[in-house]
Amino acid sequence: YVLRVCTLVALAAWAWHMLRRGGTLRHTPIDWLILVFLGWVAITTVTSIHWPMAFFGKPRRYDGLLSFVNYAILAFLVMQFAASAARVRDLARALFFSSLLVAGYGALQFLGWDPFKWAALPFEANRAFSTYGNPDLLGGFLIFSVTVALGLVLSERRLLWRMIYWAGFGLNGLVLIVAFTRGAWIGGFIAVVLVAVMAWRQRVRLLRVDWVPVGISAALGLGVIWRSFSSQNEVMNFAKRLGSIFQFSGGSGQTRTEIWQAALGAIGDRPLLGWGADTFRLVFMRFEPAEYVRDAGGSSIADNAHNYPLQLAAGVGIPGMLLFYGIFVWAGIRSFRTVFARAAEPQAILRGAFWAAAVGYLVQLFAGLSVTGTSFLLWTALGVVLAPTARLVTVPAPRWGTVAAVVALGLAALGVGYTSLAIIADYAYIQGRNSTGVDRVNWAEWAVKLSPYTGIYRTELGLAHAATATAYLELGRQAQEAGEDTTTYAAGVRAHFKAAEEALKDAIAFEPDEYDNYVALADLYNLGGESLDEAYFEKAITVANEGLERAPYGTALRKRLARAYAGNNQVDRAIEELEYVTRLDPRDAEAVLSLAGLYVRVKRSDDALELLREFNERVPGQTDITDAIDELEASATSE
């Protein structure tokens, strides 16, 4: 939201000046390649598996066509304004002071002094993730902040400011270490080495006083690394983490290669146009190998290829991927002499720092994720390094310039307004997730009205009605046990059940390849079969099978399918489904418990007990499993 609004304001300000007063326009041949790339992404958006996601991007990622247009405008504007060394310095300082907040917060997290209480984190405690919410995303930002801070140091002659920049460089470097993100380590190292080469080429030398902050930073960094060697956690141990970079037979390396395998399958199926920018989640389960379910768990759905070339090729086709990298390769070659030339002016190394940071970030993307919160810096760097190579064209103000300028302001205002609706819709969605009953339904309805092209809002509306129906069902049971009238509760159950069914059907019609929608609707029908009418079990079976056509290894759907078969007295088929699930994902406790229950139901208590004991040996410490074992053993003893 901030990126789009700031870009619109900056574009409107530039257009206002150019249309009313005229000015100098800077451009390079690479501008045409960027336009070709945007045109190609637009074509793949039209042909995509789901054009709204390809256009806006997946929620929480937003790496669709709209963001690429945003990036291109940002690069163009930076190229217009970053022509002077002073302007480049302003950009660098803005990034530097922002990084102090980001890195400072990351340092607090590593030290265990986080002032905020987070929910359960999907990564290790005390691993820095800062304002980015994820160590990998933070690592991408730190590549830029570390490198540009070093550029500020080497270009600064005032002693006080030089020490301030050294302190910022050390802080960002330490947090880069404690993010424990391997791709960022490699990218950051490459970027710093490139800056060092540029400094050597430009005869930039360290002062005697520089060795003090250099020594302090090195000592602190080595101390943190040495301390990590004693950690038993392989992720938080620097040596083991670094050594695991080329290990693909276990851990995150193994699951990542399995995701790459799925991406290659998606690319092979649609190599030319791809499936649409940022739609990887929708197609992943079509191509995921069975090994991924075993290694990552049945509940894991990759929404990103964790390799940007593969992510792009799967989304916008191989031509789109080549066009994207062609932009940056061409820009790197075109600006190479600018950043590596011998220069008497120390400010020249600042452009080189942006060039080096862009290279480091592109390297990191070979095993990382691109999101707007970091990738905008890549396109900012593109504008910075191309500005000195741009051709200048003097553009006079047209006679109708003032009218056009007013129109430009109006269009920018409309853009800001539309973007504001999107963030208000997201607020409504989050409020609904934190509410219950009718309040949750109302928030979800508001989110859908404000942003009808966001699929998760439609799903949330169905889930809100389903949760409300379940709540009415429980209240009705309580009233029945107390001998009270249940008419109101029964009406509430049926009304919200019907509304949930309609909302989830609508979500499937809008986004037919979203796996979670089928899971939610199958859950709803199973609830209806158990509480309203057994005929709903047949509907659950139908919906689950429709979803499995898109996700053959979808264990969540297979568990719902087994539940429907069991409710429909097709116990043998239910057992077959659950046995298949436990083979796919041997760590699925829910499936094991359900299967054990069905074994008992068909008088196979010995098989149930053996199943539970094997699971307990494989995945010890599951209370539900041990309780079930105790219950079966007690029952066997009683018999």
Taking NZ, NE, NH1 and NH2 as the nitrogens, is one of them in [X] or [Y] under 4.0 Å from a carboxylate oxygen of the other?
X: Asp523; Y: Arg560; value: yes
X: Glu577; Y: Lys559; value: no
X: Asp269; Y: Arg286; value: no

Under the criterion side chain to side chain donor-acceptor pair (under 3.5 Å), I'd like the reasoning laid out for Tyr525 against Glu538: C-alpha separation, chi angles, the key distance, then a yes or no. CA-CA 8 Å; Tyr525 283 145; Glu538 282 296 335; over 6 Å; no

Say whether Thr372 and Ser67, considering side chains only, have a donor N or O and an acceptor N or O under 3.5 Å apart.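 Their side chains do not contain a donor-acceptor pair, so the 3.5 Å distance test is not met.
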
Looking only at side-chain N and O atoms, does Thr555 offer a donor or acceptor that is under 3.5 Å from a partner on Asp585?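 No, no side-chain donor-acceptor contact under 3.5 Å.
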
Please name all residues satisfying salt bridge (Lys or Arg N to Asp or Glu O under 4.0 Å) with Glu258, sequence neighbours left out, ordered by chain then number.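 Glu258 satisfies salt bridge (Lys or Arg N to Asp or Glu O under 4.0 Å) with no other residue.
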
Only counting residues at least two apart or in another chain, list the ones meeting salt bridge (Lys or Arg N to Asp or Glu O under 4.0 Å) with Arg613.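 Glu633.
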
Which pairs of donor and acceptor atoms, one on a side chain in residues 432-439, lie under 3.5 Å apart (sequence neighbours left out)?
| residue | atom | partner | partner atom | Å |
| --- | --- | --- | --- | --- |
| Arg433 | NH1 | Glu460 | OE1 | 3.0 |
| Asn434 | ND2 | Ile430 | O | 3.3 |
| Ser435 | OG | Gln431 | O | 2.7 |

Identify each donor-acceptor pair in which a side-chain atom of residues 445-455 lies under 3.5 Å from a protein atom, sequence neighbours left out, and give them as a table.
| residue | atom | partner | partner atom | Å |
| --- | --- | --- | --- | --- |
| Ser451 | OG | Thr454 | OG1 | 2.8 |

Strictly under 6.0 Å, is that where the ring centroids of Tyr62 and Phe56 end up?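 No.
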
Would Leu611 and Leu595 count as a side-chain contact (heavy atoms from CB on, under 4.5 Å) here? Give the steps. CA-CA 9 Å; Leu611 174 72; Leu595 180 57; 3.7 Å; yes

Quick one: which residue pairs count as a salt bridge (Lys or Arg N to Asp or Glu O under 4.0 Å) with a foot in residues 476-500, not counting sequence neighbours?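 Sorted pair list comes back empty.
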
Going by salt bridge (Lys or Arg N to Asp or Glu O under 4.0 Å), name the pairs with one or both residues in residues 274-285, residues two or more places apart or in two chains.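 Residue pairs passing salt bridge (Lys or Arg N to Asp or Glu O under 4.0 Å), neighbours aside: Arg281-Glu514, Arg281-Asp516.
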
Partners of [X] by side chain to side chain donor-acceptor pair (under 3.5 Å), sequence neighbours excluded?
X: Trp113; value: none
X: Asp607; value: Arg604
X: Tyr1; value: Ser420
X: Glu576; value: none

With sequence neighbours excluded, give me every ring-ring contact (aromatic ring centres under 6.0 Å, His included) pair touching residues 542-599.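 Found none.
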
Under the ring-ring contact (aromatic ring centres under 6.0 Å, His included) definition, can you give me all pairs with a residue in residues 485-512, not counting sequence neighbours?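 As it turns out, the ring-ring contact (aromatic ring centres under 6.0 Å, His included) pairs with a partner in residues 485-512, which skip direct neighbours, are His50-Phe510, His465-His496, Tyr472-His496, Phe497-Tyr536.
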
Check this for me: Asn233, atom CG, are more than 12 non-hydrogen atoms of other residues, nucleotides or ligands nearer than 6.0 Å?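 Correct, the count exceeds 12.
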
Check whether Asn568 reaches the backbone of Gln570 with its side chain - one donor and one acceptor, N or O, closer than 3.5 Å.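 Between the backbone of Gln570 and the side chain of Asn568 there is no qualifying donor-acceptor contact (under 3.5 Å).
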
Is the side chain of Tyr515 donor-acceptor paired with the backbone N or O of Leu557 at a distance under 3.5 Å, no angle test?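 Judged by distance alone, yes, a pair lies under 3.5 Å.
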
Do the non-hydrogen side-chain atoms of Tyr518 and Pro512 ever get within less than 4.5 Å of each other?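 Touching, per the 4.5 Å side-chain cut-off.
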
A side-chain contact here means heavy atoms from C-beta on lying under 4.5 Å apart; do Ile301 and Phe284 qualify?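 Ile301 reaches Phe284 side chain to side chain.
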
How far apart are the C-alpha atoms of Lys58 and Asp63, what are their side-chain angles, what is the distance that settles it, and do they pass the salt bridge (charged side-chain N to carboxylate O under 4.0 Å, His left out) test? CA-CA 7 Å; Lys58 180 193 171 295; Asp63 206 31; over 6 Å; no

Just how far is it from atom CG of Leu312 to atom OG of Ser370, taken to the nearest 0.5 Å?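 Between atom CG of Leu312 and atom OG of Ser370 there are 7.5 Å.
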
Can you tell me how the ring of Phe129 sits relative to the ring of Trp118, calling it parallel under 30°, perpendicular over 60° and tilted otherwise?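 Because their plane-to-plane angle is over 60°, the rings of Phe129 and Trp118 count as perpendicular.
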
